[in-house]
Amino acid sequence: MQGLIPAAGGGTRLGPFTNAIPKELLPVGDKAVIEHVVEAMRLAGITDIVIVVSPHKHGLSDYLGSGRRFGVNLTYVVQDERKGLADAVLSGEHAIDGSFVVVLGDNFFRPKEFLKELISYHLNERADATLGVAEVGDVTRHGIIKPEGDRIAEIIEKPSIEEAPSILGSIGAYVFERFIFDAIRETKPGYNGELQLTDSVKVAIGLGRRVLYKKIDGIHIDVGTPADLMMANKWYMNNEGHR
Ligand code: G1P
């Protein structure tokens, strides 16, 4: 299994810091946000990781390098234009051989073992795609699923409170089989005019694929705003700050 970390987004809500520094390099405790993601992947046994970067963003490869420092091998691929998360994942197609796990590079998770759990579930269940989900406080900031048994029957990117089929939201961690690249190619622009990974998952459901969800307990902070960054650091200082 390989890993893919999308890290090409603009980070406008974290400006002006992100004029100079990719949001994925902002620190949570003594490590960059993305470094925590790399660490979780290594802990799940994933050492071959593809990082999707933007040509407009500099510094990620300066910071992460070859990955040797973290015990992994990093490959960088470029998403030419910011067309959405699904397109970012598609940019990595040529570097992916088989099953792979996607974790957004600007999200902070604890416990670190969350990914191991998600991957084991996907493999044991022989799923085509498995999404990590949790009960979310704000449905309008997530891809929200309609669960049906162990499957996802429907998924909506950032619905209104009225439209939301549940309060179970994608936490930005996914396991996919390679067919997802075909589903992405069939995806039309959606929320915000972008190619949303949520909509590619919907295409996969429409094609009758086995698309499952796994509830992940623990901390999940999408570090999108200064308040999120502070929340992640507050959690870190209270729980791991002594290290
Ligand atoms: C992305 C996904 C969304 C998911 C969220 C998790 O949104 O599009 O489905 O629930 O990450 O953090 P973004 O935070 O990039 O707007």
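Both ligands and their constituent atoms are indexed starting at 1 by order of listing.
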A.B. asks: Please determine if E194 and K83 form a salt bridge, counting it only when a charged side-chain N lies under 4.0 Å from a carboxylate O.
C.D. replies: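 No, this pair does not count.
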A.B. asks: May I have the list of side-chain donor-acceptor pairs in residues 147-159 shorter than 3.5 Å, sequence neighbours left out?
C.D. replies:
{"residue": "E157", "atom": "OE1", "partner": "T198", "partner atom": "OG1", "Å": "2.6"}

A.B. asks: Go through ligand 1 atom by atom and flag the ones less than 4.0 Å from a non-hydrogen atom of D222.
C.D. replies: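 Listed by number with element: 12 (O), 14 (O).
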A.B. asks: Protein heavy atom under 4.0 angstrom of atom 15 (O) of ligand 1, is there one?
C.D. replies: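 No, because not a single protein heavy atom sits under 4.0 Å from atom 15 (O) of ligand 1.
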A.B. asks: Taking distance alone, no hydrogens or angles, what donor-acceptor pairs closer than 3.5 Å link side-chain atoms of residues 19-26 to residues at least two apart or in another chain?
C.D. replies:
{"residue": "K23", "atom": "NZ", "partner": "D106", "partner atom": "OD2", "Å": "2.9"}
{"residue": "E24", "atom": "OE1", "partner": "K57", "partner atom": "NZ", "Å": "3.0"}
{"residue": "E24", "atom": "OE2", "partner": "K57", "partner atom": "NZ", "Å": "3.3"}

A.B. asks: Any atoms of ligand 1 less than 4.0 Å from a non-hydrogen atom of G172? List them with their elements.
C.D. replies: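 Once the distances to G172 are compared, the set is 6 (C).
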A.B. asks: Using a 4.0 Å heavy-atom threshold (strictly under), name the region of L197 that reaches ligand 1: side chain, backbone, both or neither.
C.D. replies: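 None of L197 does.
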A.B. asks: Any idea which protein heavy atom is nearest atom 10 (O) of ligand 1, and the distance to it?
C.D. replies: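 Sorting protein heavy atoms by distance from atom 10 (O) of ligand 1 puts S170 O, 2.7 Å first.
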A.B. asks: With a 3.5 Å cut-off and no angle check, do the side chains of Q79 and S54 form a donor-acceptor pair?
C.D. replies: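 There is no such pair (donor and acceptor under 3.5 Å, judged by atom type) between the side chains of Q79 and S54.
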A.B. asks: State whether the side chain of D128 and the backbone N or O of R210 hold a donor-acceptor pair below 3.5 Å, judged by distance alone.
C.D. replies: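 Answer holds: yes.
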A.B. asks: For the residue pair L64 and F70, what are the closest heavy atoms and their distance?
C.D. replies: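 Closest approach of L64 to F70, heavy atoms only: O-CE1, 3.5 Å.
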A.B. asks: Run the numbers for me: atoms of ligand 1, each under 4.0 Å from some heavy atom of G143, listed by number.
C.D. replies: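 Here the atoms of ligand 1 in question are 3 (C), 4 (C), 9 (O), 10 (O).
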A.B. asks: Which part of N107 is near ligand 1, with near meaning a heavy atom under 4.0 Å away: side chain, backbone, both or neither?
C.D. replies: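 The answer is the side chain.
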A.B. asks: Counting both backbone and side chain atoms, is some N or O of E157 under 3.5 Å from an N or O of ligand 1?
C.D. replies: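 Yes, at least one N or O pair falls under 3.5 Å.
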A.B. asks: Salt bridge between E240 and R110, side-chain N to carboxylate O under 4.0 Å?
C.D. replies: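 Salt bridge: yes.
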A.B. asks: Any N or O of K158 that comes nearer than 3.5 Å to an N or O of ligand 1?
C.D. replies: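 Yes; the residue has a nitrogen or oxygen that sits under 3.5 Å from a nitrogen or oxygen of the ligand.
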A.B. asks: Please work out which of L85, V223, L104 has its closest non-hydrogen atom nearest to atom 11 (O) of ligand 1.
C.D. replies: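 That would be L104.
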A.B. asks: Locate the shortest heavy-atom distance separating G105 from V33; write the atom from each residue and the value.
C.D. replies: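 Between these two residues, the closest heavy atoms are O-CG1, 3.8 Å.
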A.B. asks: What atoms of ligand 1 come closer than 4.0 angstrom to any heavy atom of T198?
C.D. replies: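 Ligand 1 atoms under the 4.0 Å threshold to T198: 9 (O).
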